[in-house]
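So the structure is just underneath, and the comments pick up after that.
Predicted model only: the values in this text are computed from it and were never measured.
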Amino acid sequence: VDGHEICGVFLARPTLRAEQERLLKRVSEGHTAKQAAVEQCLASYRNNFAKLHEKQEDLLNKVREYFGSNPLGNQIEEINGAGHASWTTITTNLSRCGVCGNSMRLQRR
């Protein structure tokens, strides 16, 4: 949350949900077209993503404050190398990586 807020993205605050609920109410009352509401919500999320992408170093610095300069330590090597067996997959196909497009999985030690 702190990382998002330092980048000017306020996803954890109730204002985003309140704005979307107001928009949905306008749709239900016939004042706003459904497609226009969807496009407005998507534009909001795209704007937030663009802010996070633009300020990704600020976001990473905030994450480092909580988890250290290398939050995964040598675990990256373990995931990709022989130590992989010490990890348990909780969920496969969690989502697609935004960088390489490969399928991601949620794992724990």
- Message: Quick check: closest heavy atoms across Thr32 and Ala37, and the distance to 0.1 Å?
- Response: CG2-N, 4.2 Å
- dist Leu24:CG -> Lys34:NZ (nearest 0.5 Å) comes out at 10.5 Å
- Item | CA sep, side-chain torsions, deciding dist, call: Glu65, Lys62, salt bridge (Lys or Arg N to Asp or Glu O under 4.0 Å) | CA-CA 5 Å; Glu65 284 182 28; Lys62 186 53 79 171; 3.2 Å; yes
- Query: Do Leu16 and Val9 belong to the same hydrophobic cluster, where Ile, Leu, Val, Met, Phe, Trp and Tyr are linked whenever their side-chain heavy atoms lie under 4.5 Å apart, directly or via other members?
  - Reply: yes
- Task: Could you list the residues that satisfy salt bridge (charged side-chain N to carboxylate O under 4.0 Å, His left out) with Glu19, not counting sequence neighbours?
- Result: none
- Task: Before accepting this row, confirm whether a basic side-chain N of the pair Glu21/Lys25 lies closer than 4.0 Å to the acidic partner's carboxylate O.
- Result: no
- Query: Tell me, which pairs form a side chain to side chain donor-acceptor pair (under 3.5 Å) where one or both residues lie in residues 48-60, sequence neighbours left out?
  - Reply: Glu57-Arg64
- Query: Is the count of non-hydrogen atoms from other residues, nucleotides or ligands lying under 6.0 Å from Phe49 atom CZ greater than 12?
  - Reply: no
- Query: Do Tyr45 and Leu59 belong to the same hydrophobic cluster, where Ile, Leu, Val, Met, Phe, Trp and Tyr are linked whenever their side-chain heavy atoms lie under 4.5 Å apart, directly or via other members?
  - Reply: yes
- Once you round to the nearest 0.5 Å, how far does CG of Asn93 lie from CZ of Arg105? 10.0 Å
- Task: Indicate yes or no: does Glu5 engage Arg13 in a salt bridge with an N to O separation below 4.0 Å.
- Result: yes
- Item | Pairwise distance OG1(Thr88) to CG(Leu106) - rounded to 0.5 angstrom | 11.0 Å
- For Val27 and Ala33, the nearest pair of non-hydrogen atoms, with its separation, is CG2-O, 4.1 Å
